[in-house]
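Computed from heavy atoms alone, side chains included, the values below leave out hydrogens, waters and symmetry copies.
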Amino acid sequence: TRARLSAEPILLLDDVFSDLDQGRRTNLLSIGQSLAGQIVITCTEAEQAGSDILGRASVYLVHQGTIAKQ
């Protein structure tokens with residue numbers, strides 16, 4: 001994909017953390033980092049991401065149409 005498009009793909013994961021344990025979350029992100037230039041993840045509870053992931057991420061809270069960087 002990268003060679004064909006000459007660009008880094010963006011990976012969007014919508015609320016996947018609630019269905020995965022911490023080990024699988026970490027594995028998913030490791031695989032995603034090797035495939036994508038940027039990963040956008042949505043979740044309903046930031047704690048689901050785990051401290052390792054949150055420590056490396058830009059986190060935004062969306063509430064009633066307002067976006068705030070955490």
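Counting non-hydrogen atoms of other residues, nucleotides and ligands closer than 6.0 Å to CG of L61 gives a total above 12.
For the atom pair CG of L20 and CG of N27, the computed distance is 9.5 Å after rounding to the nearest 0.5 Å. Within the model, atoms CZ of R25 and CG of L13 stand 12.5 Å from one another, a figure rounded to the nearest 0.5 Å. Atoms CG and CD1, from L11 and I41 in turn, are 8.0 Å apart once rounded to the nearest 0.5 Å. For the atom pair CG of L54 and SG of C43, the computed distance is 7.5 Å after rounding to the nearest 0.5 Å.
Side-chain contact check for D14 and T42: at least one donor-acceptor pair (N or O, by modelled atom type) lies under 3.5 Å.
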>> What verdict does the side-chain contact (heavy atoms from CB on, under 4.5 Å) test give for L28 and V16, after you've listed the backbone C-alpha separation in whole Å, the side-chain angles of each residue and the deciding distance to 0.1 Å?
In response: CA-CA 10 Å; L28 176 63; V16 295; 3.9 Å; yes

> Given the rule in the side-chain contact (heavy atoms from CB on, under 4.5 Å) test, do V59 and K69 qualify, once you have shown the distances and angles that lead to the verdict?
Replying inline: CA-CA 6 Å; V59 179; K69 185 168 173 53; over 6 Å; no

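Shown here for S18 and Q48, the closest heavy-atom pair between the two residues is CB-NE2, 3.6 Å. For the pair I67 and V62, the tightest heavy-atom approach, listed with the atom from each and the gap, is CG1-CG2, 4.0 Å. Residue S34 comes nearest to I31 through the heavy atom pair OG-O, 2.7 Å, listed as atom of the first residue, atom of the second, then distance.
The backbone N or O of F17 sits nowhere less than 3.5 Å from a side-chain atom of R24 that would complete a donor-acceptor pair.
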